2 protein chains.
Amino acid sequence: MRIPILKLYNCLLVSIQWELDDQTALQFQEDLLQKIHETSVSGVVIDLTSIDFIDSFIAKVLGDVIDMSNLMGAKVVITGIQPAVAITLIELGIGLNNVLTAIDLEKGLEKLQQELGE
Amino acid sequence: MRIPILKLYNCLLVSIQWELDDQTALQFQEDLLQKIHETSVSGVVIDLTSIDFIDSFIAKVLGDVIDMSNLMGAKVVITGIQPAVAITLIELGIGLNNVLTAIDLEKGLEKLQQELGE
């Protein structure tokens, strides 16, 4: 099973709507980087609104995919982080440094466009 | 497994990126109608860019979900229909009447906004 990645103008949109198992998370990492390469987008929005739990492995994959996307030249915005997910991330010491966040998908896209417009 | 449905402004976005089995298609139908009800959106874009084959059951579910969404008051745009899919739909006699189509997701969203703006 793969997570669909949508291309919209100069961004990729991903909505993660269920708990990921380890295999799916790694597949997602590979697919996203491949898609950034293919489409030459300048930004990625990853929406976690529907995720109310995150384990340490998934948190690490998420942190990695953000760093990797940045390396490839695409800015990442994470949207809709729920309280429990924020607590887990901070307790695990994964502060998602240097990553833009926003409360929902719309605000995330706006933030990304501002950032890219600068 | 469920197909993620993204809400963006007054639309829902769905990208179907793999062949659906019958169970997933029915689950998608239920999820989409439920989400239209919850979010009160006025439009839906269903992107089929990555689908290169469609069977008669899935084609029927797709036709049904369009009619049902229209009944609920949401306009549907189908984007990225590939040649083989277009051939199958017409040969099956499913012309997707009264449905808007567009060549890709961006053009689909524009078409929907025009239609909703009228």
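A note on names: the letters A, B, ... follow the listed sequences, proteins ahead of strands, and every chain is numbered from 1. Predicted model, so just to flag it, every value in this text is computed and none were measured. In what follows, every heavy atom counts, from backbone to side chain, and hydrogens, waters and symmetry copies are set aside.
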## Note on the structure
For A:Tyr9 and B:Glu106, the nearest pair of non-hydrogen atoms, with its separation, is N-OE2, 2.8 Å

### Task
Decide yes or no for A:Leu6 and B:Asp47: does some side-chain heavy atom of the first lie under 4.5 Å from some side-chain heavy atom of the second?
no

### Message
Starting from A:Ile90, can I reach A:Ile78 by hopping between I/L/V/M/F/W/Y residues whose side chains sit under 4.5 Å apart?
### Response
no

### Task
Verify the cluster assignment for B:Met72 and B:Met68: are they in a single hydrophobic cluster under the rule of side-chain heavy atoms below 4.5 Å apart?
yes

### Message
For B:Leu8, run the side chain to side chain contact (heavy atoms under 4.5 Å, CB included) check against A:Val45, A:Leu8, A:Asp104 and tell me which one passes.
### Response
A:Leu8

### Task
Verify the cluster assignment for B:Trp18 and B:Phe57: are they in a single hydrophobic cluster under the rule of side-chain heavy atoms below 4.5 Å apart?
yes

### Message
Would you say B:Leu48 ends up clustered with B:Ile87 if hydrophobic residues are merged whenever their side chains have heavy atoms under 4.5 Å apart, either directly or through other cluster members?
### Response
no

### Query
When rounded to the nearest 0.5 angstrom, what distance separates CG in A:Leu105 from CG in B:Leu13?
8.0 Å

### Query
Got a sec: does the CG of A:Leu92 have more than 12 other heavy atoms crowding it under 6.0 Å?
yes

### Message
Under 4.5 Å from any heavy atom of chain B, what part of A:Ile16 do you find: side chain, backbone, both or neither?
### Response
neither

